[in-house]
Number of protein chains: 2
Amino acid sequence: MPKPDADPTVQLELSVDRSSPVPLYFQLAQQLEAAIEHGTLTPGSLLGNEIELASRLGLSRPTVRQAIQSLVDKGLLVRRRGVGTQVVHSQVKRPLELSSLYDDLELAGQRPATKVLVNKMVPASAEVAAALGVPEDSEVHRIERLRLAHGEPMAYLCNFLPPGLLDLETAQLEATGLYRLMRAAGITLHSARQTIGARAATPAEAERLTEEAGAPLLTMQRVTYDDTGRAVEYGTHTYRPSRYSFEFQLLVRG
Amino acid sequence: MPKPDADPTVQLELSVDRSSPVPLYFQLAQQLEAAIEHGTLTPGSLLGNEIELASRLGLSRPTVRQAIQSLVDKGLLVRRRGVGTQVVHSQVKRPLELSSLYDDLELAGQRPATKVLVNKMVPASAEVAAALGVPEDSEVHRIERLRLAHGEPMAYLCNFLPPGLLDLETAQLEATGLYRLMRAAGITLHSARQTIGARAATPAEAERLTEEAGAPLLTMQRVTYDDTGRAVEYGTHTYRPSRYSFEFQLLVRG
DNA sequence: TCAATCCGTATGTCCGGACAATGTGACTTC
DNA sequence: GAAGTCACATTGTCCGGACATACGGATTGA
């Protein structure tokens, strides 16, 4: 029986531009990722050893390793000592990131719309103060929004933001998502702690989402942090489970 | 007005053991993490420049950088070019990992218990085959369990596993969690894709969880992958929202 | 035929140095 | 006094090498 020589070492054309301001390791990582995405590097195929790869590209081994490591961190490659580096044979391509409901909907082709119900400054309650790490009763932004898709209510969003971070104009909030506004204001979102649960809708909640009282609702609370660890947003959301569910990817920390 | 000299550079006692098999960068990273956890390194405090730190420890700068980088990846430190490296001033300490319900409960001091309802081999349905990446109608493990805490039903867990990965004995399944069994079998869990939603309980589901028909249920579907990208588990779970909610941390990929 | 051993290979760790890019603060200039 | 300029500090990128460690297959032996 002929052995189906699986996992062959792939020879592909790589090159780097030393005059570019883009770091060399990043150029290499991008090309490798593109090759994986494009299918040139098939799952299970070996990448060829680092030393040889480095000399072929005119790079040093640390630089090549840095490129490979970044893809390993992304979950695209696996290193095996004594074996080599190979492409993960995963069905899942891109791990989901910290997502914005607005972006998710837009990407899915559902024409999202936002109706701003409240947009004002209020004193922080104990709960909000604890979440945002600000003094109790200090002023914070309070935003209440109804998110619609195809004209149908999909979620009720209540958010709190620390003062001074951002100008929040109702018109902008109706035109795009909160995260996009924050990024545009130069805030680098880094991580978020979320709690997802479910409960029966109260009459008021049911009314807002055009559900019936007692209908199941999906609830989410989230505190978002920027790259310095500051809390930049606290939100309490309720979703209609028939219209929305959370989908994401968790990674195990090595 | 006296300037409150914030963000001082901290001098702390670090040392590495060169005879240890533990990598030097890892030793340093552990000590730094412990100092942050312990409060010796307070949020906002500067770490001191890498060169000086390296010479003080008798290490090279790349080694020190590797240690620091691992903590930056964990979200404990922030690097700023021209400024230095400082401790993130975050309330959140440990980002949650891919979690096991059993471990979560045990950690919370709720005496978890498991009742195995089904444990057999079955042909894979189209849905299961797609999730696990195995041929349709090929044999897979099917496990149905009821998870209890303090004797009260908390969740109904239905899982499918590809064949040959693991011996699944009912006694073991009742004594511990599935993830722990998989790890013990040498499987390195890497990532999981989850979908969380909510719906009203059907009469059969209500019966299993001692809820009433129509009560809100939290639902979760998950495919777990090992470090080579193989799907190693597919599960469909339903939780009583009064007893359980999902809490986790999402990271933005740089 | 099967098991233990050896060895090549590839990644893992570590070093010491070099120059570039950037943010901060002090200085100078208007 | 305010704005622009410059030097300094610190991280970012990159190099070329060295040895350790672990995996797999081939060789050897029972």
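Here is how names work: the chains are called A, B, and so on, in the same order as the sequence lines, proteins then strands, and each is numbered from 1.
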Short N/O separations, protein against nucleotides 3-7 of chain D, under 3.5 angstrom:
none

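Dashed line: the shortest gap from a side-chain N or O of A:R79 to OP1 or OP2 of C:dG12 is under 4.0 Å.
Contact check on B:E50 versus B:R79 returns a salt bridge, with a Lys/Arg side-chain nitrogen under 4.0 Å from an Asp/Glu carboxylate oxygen. For the pair A:E52 and A:R61, the salt-bridge criterion is not met [side-chain N within less than 4.0 Å of a carboxylate O]. Salt-bridge check for B:E174 with B:R145: failed, with every basic side-chain N at 4.0 Å or more from each acidic carboxylate O. Between B:K120 and B:E139 no salt bridge is recorded (no basic side-chain N to carboxylate O distance below 4.0 Å).
In the set C:dC14, C:dT11, D:dC15, the nucleotide with an atom closest to the side chain of B:Y25 is C:dC14. The side chain of A:R61 sits closest to C:dG12 out of C:dG12, D:dT11, C:dT24. Counting only heavy atoms from C-beta on, B:L59 has its side chain closest to C:dC15 among D:dT13, C:dC15, D:dT10. The side chain of A:P23 has D:dC14 as its nearest neighbour among D:dC14, D:dG24, D:dT10. Of all nucleotides listed (C:dT13, D:dG16, C:dC15), C:dC15 comes nearest to the side chain of B:R18. Taking every side-chain heavy atom of A:R65 into account, C:dG12 is the closest of C:dG12, C:dT24, D:dG12. Considering only the side chain of A:S60, D:dG16 comes nearest among D:dT11, C:dC15, D:dG16. Side-chain proximity of B:L24 to C:dC14, D:dT11, D:dC23: nearest is C:dC14.
For B:Q27 (side chain) and B:D17 (main-chain N/O), a donor-acceptor pair under 3.5 Å exists by modelled atom type.
In this structure, B:P62 reaches the bases: a heavy-atom distance under 4.0 Å links it to at least one base atom across the strands shown.
With a 4.5 Å cut-off on side-chain heavy atoms, A:R193 and A:R222 do not count as touching.
Ring pair B:F246/A:F246: centre-to-centre distance not below 6.0 Å.
Nearer to the 5' terminus of DNA chain D, by closest-nucleotide assignment, is the contact made by B:T85 (compared with the other of B:T85 and B:P21).
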